[in-house]
Amino acid sequence: MSLTNTKRLVIKVGSALIAPQQDGCKARYLLNIAQFIVRARAQGVEVLLVSSGSVAAGAHHFKNPDRSNIAIKKAMAAAGQMEMMSTWDRFFDFPSAQLLMTHADLRDKERYESIRQTLFSLLDEGILPIINENDAVTTEHLKVGDNDNLSAMVAAAADADTLIICSDVDGLYDQNPKTNPDAKLIKEVNTITSAIYDMTGGPNSAVGTGGMRTKLEAAEKATSHGIATYIINGFDESTFNALLDGDNPGTLFTPFKNPMEEAQHWMTHTAAEHGELVVESEGLQNSEELNCEEILSVEGEFSAGETVLIKNTKGERLAKASSNYSSCLLNFITQNTDGINTSQMQNSIGPIISKNDIAVLERKQS
Ligand SMILES: Nc1ncnc2c1ncn2[C@@H]1O[C@H](COP(=O)(O)OP(=O)(O)O)[C@@H](O)[C@H]1O
Ligand SMILES: N[C@@H](CCC(=O)OP(=O)(O)O)C(=O)O
């Protein structure tokens, strides 16, 4: 696996690289990254940039830059986004484009397709897409929340083959290297198990969001879509030279050999769960389709066509799927309503979940 085989890559840059002291954007670390982007493009690789840093870049305009105050944090993002974009733009002699998005955009199939079209059109023209979450308009319910996960969703949406996540450490260690001097770097991960998740802690910098855990979530999303994922040290010039030479300077998460199809990946990793269908503990054995008589209960409110979680009576997450019927109708049919022949109705309405609309979720090994 090397960058020499890469055709399209997404590089994600965290706040600590952009605004290390939270007093505006600094070119210090970005120069290496910009050079990497220029050189990768010169090698024929298409590049998309997911850039954090709007909150950190905007903080110095505020009398009390209190990140715990959500309204202030969103205003800091709005103020800092301009500076962050113009900082990137001055490194390049090709055009760049700003795309701000939220989870509400990505989890809606129509808006997701629209984002894909825009990305492809920009890439066709040789324009560098620079993507960030639209923090100024997000709510708890509508946000992705961290740019590691966002970068994996963007990589999948853009049909990228490589995702590079720049961090302030050399890669994934067996323990948090900031608090454990004996921590050892893991060079390659083929399967992201719960034991791997247990190695991670939160962020250690004042500006980071999510720490290593969100980077693992991103790697899991990306590799399941066939995207090779690297976590590298973005502070270190030599890591970028190594990548361009086809070496692995950090941790490589190898892509699945049989990646998910686009639609199944979107359903698994991006689509929001609007409600839940509970089935028997050994339910969903054939994983083909789900019929009304298999549903024990319906939770939440959803419309026909929306994504639901299918779980069993033990609470295990079995699959995500698009429901052919609304929660209202399913409640009506599954609850034994007086005077109505529900089994006859069940037979006449066909499968609740059709076989092409279901994504079976993997149960994590430890
Ligand atoms: N097992 C681990 N390996 C590497 N880093 C870890 C691990 N567990 C926790 N971390 C922390 O994750 C931090 C990187 O995450 P974060 O601060 O959110 O970075 P960024 O701003 O680049 O997204 C590291 O500085 C480190 O302190
Ligand atoms: N969207 C936010 C960044 C969120 C985020 O994930 O930050 P980081 O952990 O520094 O990559 C911003 O622009 O400040």
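Indexing begins at 1, ligand by ligand and atom by atom, following the structure's order.
- Scored by the ring-ring contact (aromatic ring centres under 6.0 Å, His included) test, F62 finds no partners at all (sequence neighbours excluded).
- Less than 4.0 angstrom separates some heavy atom of V169 from each of these atoms of ligand 1: 4 (C), 5 (N), 24 (C), 25 (O).
- Nearest to atom 15 (O) of ligand 1 by heavy-atom distance, out of G250, A218, G14, G211, is G211.
- V360 and V278 are members of different hydrophobic clusters when ILVMFWY side chains are connected at heavy-atom separations under 4.5 Å.
- Taking 4.0 Å as the cut-off between side-chain N and carboxylate O, D168 and K178 count as a salt-bridged pair.
- M260 and I353 fall into different hydrophobic clusters, where Ile, Leu, Val, Met, Phe, Trp and Tyr residues are linked whenever their side-chain heavy atoms come under 4.5 Å apart, directly or through other members.
- Considering both main-chain and side-chain atoms, N147 comes within under 3.5 Å of ligand 2 through a nitrogen or oxygen pair.
- Atom CD of E280 has 12 or fewer neighbouring heavy atoms from other residues, nucleotides or ligands inside a 6.0 Å radius.
- Residue contacts with ligand 2: A77 is excluded, as none of its non-hydrogen atoms falls under 4.0 Å.
- Stacking of R41 on the aromatic ring of F94 is recorded, both the 6.0 Å distance cut-off and the 45° axial limit being met.
- Close approach of ligand 2 to G14 is summarised as follows: ligand atoms under 4.0 Å from at least one heavy atom of the residue are 10 (O), 11 (O).
- Taking the six-membered ring where tryptophan is involved, the planes of Y29 and F235 are perpendicular, since the angle between them exceeds 60° and thus also 30°.
- A heavy-atom distance below 4.5 Å is found between the side chains of V279 and L318.
- One distance of note links CG of D174 with CG of D198; it measures 12.5 Å at 0.5 Å rounding.
- Here is the list of ligand 2 atoms found below 4.0 Å of a heavy atom in D146: 6 (O).
- The closest approach between G171 and ligand 1 falls below 4.0 Å for a heavy atom of the residue.
- For the atom pair OH of Y173 and OG1 of T200, the computed distance is 15.0 Å after rounding to the nearest 0.5 Å.
- An N or O contact shorter than 3.5 Å links M199 to ligand 1 by distance.
- A side chain to side chain donor-acceptor pair (under 3.5 Å) with N149 is found for exactly one of K221, H103, H269, namely K221.
- In summary, of the residues considered (D135, V137, N134), a side-chain contact (heavy atoms from CB on, under 4.5 Å) with L100 occurs for N134 alone.
- Contacts between D135 and ligand 2 below 4.0 angstrom, taking non-hydrogen atoms only, involve the side chain exclusively.
- The shortest N or O to N or O distance between K215 and ligand 1 is below 3.5 Å.
- With ligand atoms numbered from 1 in the order given, ligand 2 contributes 8 (P), 11 (O) to contacts under 4.0 Å with heavy atoms of K12.
- Against a heavy-atom cut-off of under 4.0 Å, K12 is close to the following atoms of ligand 1: 23 (O).
- Ring-plane geometry between F92 and W88 is classed as parallel, the angle between the planes falling under 30 degrees on a 0 to 90 degree scale with a further cut at 60.
- When each atom of ligand 1 is checked for a heavy atom of K178 under 4.0 Å away, the hits are 25 (O), 26 (C), 27 (O).
- Heavy-atom proximity to N132, at under 4.0 Å, picks out these atoms of ligand 2: 1 (N), 12 (C), 13 (O).
- Taking only nitrogen or oxygen atoms, main chain and side chain alike, S51 does not reach within less than 3.5 Å of ligand 2.
- For the pair S52 and ligand 1, no heavy-atom separation below 4.0 Å is found.
- When each atom of ligand 1 is checked for a heavy atom of M212 under 4.0 Å away, the hits are 2 (C), 3 (N), 4 (C), 5 (N), 6 (C), 7 (C), 8 (N), 9 (C), 10 (N), 12 (O).
- Side-chain contact of N132 with S51: a donor-acceptor pair under 3.5 Å is absent, judged by distance alone.
- Both the backbone and the side chain of V55 come within contact range of ligand 2, each with a heavy atom under 4.0 Å.
- Not a single heavy atom of R213 sits closer than 4.0 Å to an atom of ligand 1.
- Which of S54, S15, A56 comes nearest to atom 13 (O) of ligand 2 through a heavy atom is settled by distance: it is S54.
- Of all atoms in ligand 1, listed by their number and element, those nearer than 4.0 Å to a heavy atom of C166 are 22 (O).
- Against a heavy-atom cut-off of under 4.0 Å, D168 is close to the following atoms of ligand 1: 13 (C), 14 (C), 24 (C), 25 (O).
- Distances from atom 26 (C) of ligand 1 to the heavy atoms of N176, I231, D170, D148 show the closest one on N176.
- Checking only distances, L172 never comes within under 3.5 Å of ligand 1, N or O to N or O.
- In terms of polar-atom proximity, defined here as any N/O pair under 3.5 Å, G53 does make such a contact with ligand 2.
- Using modelled atom types, one finds a donor on one side chain and an acceptor on the other under 3.5 Å when comparing R39 with N241.
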